[in-house]
Amino acid sequence: MDIARRRFTLRDNRHAQLHASLGEPWIDGVCKYRLTDSDGQPRTAGHVLAPVDTRHGKQPVLLYSSGLRSDRAEGTALAQGLASRGYLVVTVDHTHDANEVQFPGGRLGLNTMPAGAHSSDTLNVRAADIRFVINQPSTIARGGAPDAGQAKLPSGLSKAVDTSRIGMFGFSLGGGAVDTAMQLDHRIDAGANLDGQFFGTAPSKNLDRPFMLFSSGAHNRNNDGSWRTLWSHLKGYRVDIQLHGAAHATFYDNAC
């Protein structure tokens, strides 16, 4: 089953930005310093170590991959919105691809991508990152703590993880990584690409799991050959949505 392209109108072309202050504990230290005074006060409902509501049973896991040279914090609004709807959202920083990744102890992994690096190679590395991350919820479900610094986990989390239902979504290059990751790891049951171009051979391979293409107003299958290629190889449920009036940056919140 598939659904042809749908068009939605964005009433206000100014995309909603989710701001974070230097005091937000979930924003890594170095990332905080890229905030400017104009970013304003934080407007989130997030809390560190907030207990998981287990009354509704186990919850599906969603993985998020950000845009090129960006940080997982820039998907805060998306992650928070999905978490409020009953999903366990795991945001991923891709070391040496993101501007910076801060590890326990303060060690920094900075962007070291060489000029002219092939996007297809970058997507393969991201897909391998995702495959590694997918293994970690299973550790949590068994009561373990996969955090390298042995950070405390929210109460109830181990009882809420449903590793039999895993999805992935991404913005820009992160969206392009979704198909590559799904080809590499069949544990990903469904995927969504938020306005990202595909690279490499993955779009030319059949995919029988649900997939969503979600594009800005100026981007769709008419002007992106990689989207046309993938669309013809999507053999499961597929949907193509275009947000009329939206820009590429509409799909992330620029939280840092």
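Nothing here was measured: the structure is a model prediction, and the numbers come from that model. Throughout, residue positions are numbered sequentially from 1 according to the sequence presented.
- Between the Q242 side chain and the S215 main chain, no donor and acceptor come within less than 3.5 Å of each other.
- In terms of modelled atom types and a separation under 3.5 Å, the side chain of R69 and the main chain of N111 share no donor-acceptor contact.
- Of all non-hydrogen atoms in S226 and P203, the two that sit nearest each other are O-CB, 4.2 Å.
- L230 and L184 fall into different hydrophobic clusters, where Ile, Leu, Val, Met, Phe, Trp and Tyr are joined by side-chain heavy atoms under 4.5 Å apart, directly or via other members.
- Using a 4.5 Å heavy-atom threshold, the side chains of L68 and M113 count as touching.
- The structure places OG1 of T163 at 10.5 Å from CG of N135, a figure rounded to the nearest 0.5 Å.
- The shortest heavy-atom contact between V52 and A160 is CG1-CB, 3.6 Å.
- V161 has its side chain out of reach of Q136: every pair of non-hydrogen atoms, C-beta onward, lies at least 4.5 Å apart.
- A single hydrophobic cluster is not seen to contain both L173 and Y64; linkage of ILVMFWY side chains at heavy-atom distances under 4.5 Å, directly or through other members, places them apart.
- With D93 contributing its side chain and D71 its backbone, the two residues share no donor-acceptor pair below 3.5 Å.
- F211 and M168 fall within the same hydrophobic cluster, where Ile, Leu, Val, Met, Phe, Trp and Tyr residues are linked whenever their side-chain heavy atoms come under 4.5 Å apart, directly or through other members.
- Proximity of the aromatic rings of F251 and F214 is defined here by a centroid distance below 6.0 angstrom, and this criterion is met.
- Between the CG atom of D179 and the CH2 atom of W227 there is a distance of 12.0 Å, given to the nearest 0.5 Å.
- Residues Q183 and N206 share a closest heavy-atom pair of NE2-O, 3.4 Å.
- Among pairs with a residue in residues 142-154, none fulfils salt bridge (Lys or Arg N to Asp or Glu O under 4.0 Å), at least two apart in sequence or across chains.
- To the nearest 0.5 Å, the span separating CG on L62 from OG1 on T91 amounts to 11.5 Å.
- Taking hydrophobic clusters as Ile, Leu, Val, Met, Phe, Trp and Tyr residues chained together by side-chain heavy-atom distances below 4.5 Å, V239 shares a cluster with L78.
- Nearest approach of T139 to A145, heavy atoms of both residues: CG2-N, 4.3 Å.
- Here the side chain of R209 pairs a donor or acceptor atom with the backbone of M182 at under 3.5 angstrom.
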Which pairs of donor and acceptor atoms, one on a side chain in residues 125-134, lie under 3.5 Å apart (sequence neighbours left out)?
{"residue": "R126", "atom": "NE", "partner": "D97", "partner atom": "OD2", "Å": "2.7"}
{"residue": "R126", "atom": "NH1", "partner": "S65", "partner atom": "OG", "Å": "3.0"}
{"residue": "R126", "atom": "NH1", "partner": "S66", "partner atom": "O", "Å": "2.4"}
{"residue": "R126", "atom": "NH2", "partner": "S66", "partner atom": "O", "Å": "3.4"}
{"residue": "R126", "atom": "NH2", "partner": "G67", "partner atom": "O", "Å": "3.2"}
{"residue": "R126", "atom": "NH2", "partner": "D97", "partner atom": "OD1", "Å": "3.2"}
{"residue": "R126", "atom": "NH2", "partner": "D97", "partner atom": "OD2", "Å": "3.0"}
{"residue": "D129", "atom": "OD2", "partner": "H94", "partner atom": "ND1", "Å": "2.8"}

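- The ring-ring contact (aromatic ring centres under 6.0 Å, His included) contacts involving residues 95-129 comprise nothing, where partners must be two or more places apart or lie in separate chains.
- Remark: R85 engages no residue in a salt bridge (charged side-chain N to carboxylate O under 4.0 Å, His left out) (not counting sequence neighbours).
- With sequence neighbours left out, R165 forms a salt bridge (charged side-chain N to carboxylate O under 4.0 Å, His left out) with D162.
- Expressed to the nearest 0.5 Å, how far CG of L110 lies from OG1 of T95 amounts to 10.5 Å.
- Once rounded to the nearest 0.5 Å, the distance linking OG1 of T229 with NZ of K205 reads 14.0 Å.
- At a threshold of 4.5 Å between side-chain heavy atoms, the hydrophobic network of Ile, Leu, Val, Met, Phe, Trp and Tyr places M212 and F171 in one connected group.
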Anything under 3.5 Å between a donor and an acceptor, one on a side chain of residues 188-201, the other on a protein residue two or more places apart or in another chain? List them.
{"residue": "D189", "atom": "OD2", "partner": "I166", "partner atom": "N", "Å": "2.9"}
{"residue": "N193", "atom": "OD1", "partner": "G196", "partner atom": "N", "Å": "2.8"}
{"residue": "N193", "atom": "ND2", "partner": "G196", "partner atom": "O", "Å": "2.7"}
{"residue": "D195", "atom": "OD1", "partner": "S216", "partner atom": "N", "Å": "2.9"}
{"residue": "D195", "atom": "OD1", "partner": "S216", "partner atom": "OG", "Å": "3.2"}
{"residue": "D195", "atom": "OD1", "partner": "H219", "partner atom": "ND1", "Å": "2.7"}
{"residue": "D195", "atom": "OD2", "partner": "S216", "partner atom": "OG", "Å": "3.1"}
{"residue": "D195", "atom": "OD2", "partner": "H248", "partner atom": "ND1", "Å": "2.6"}

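- To the nearest 0.5 Å, atoms CZ (R228) and CG (N220) are separated by 9.5 Å.
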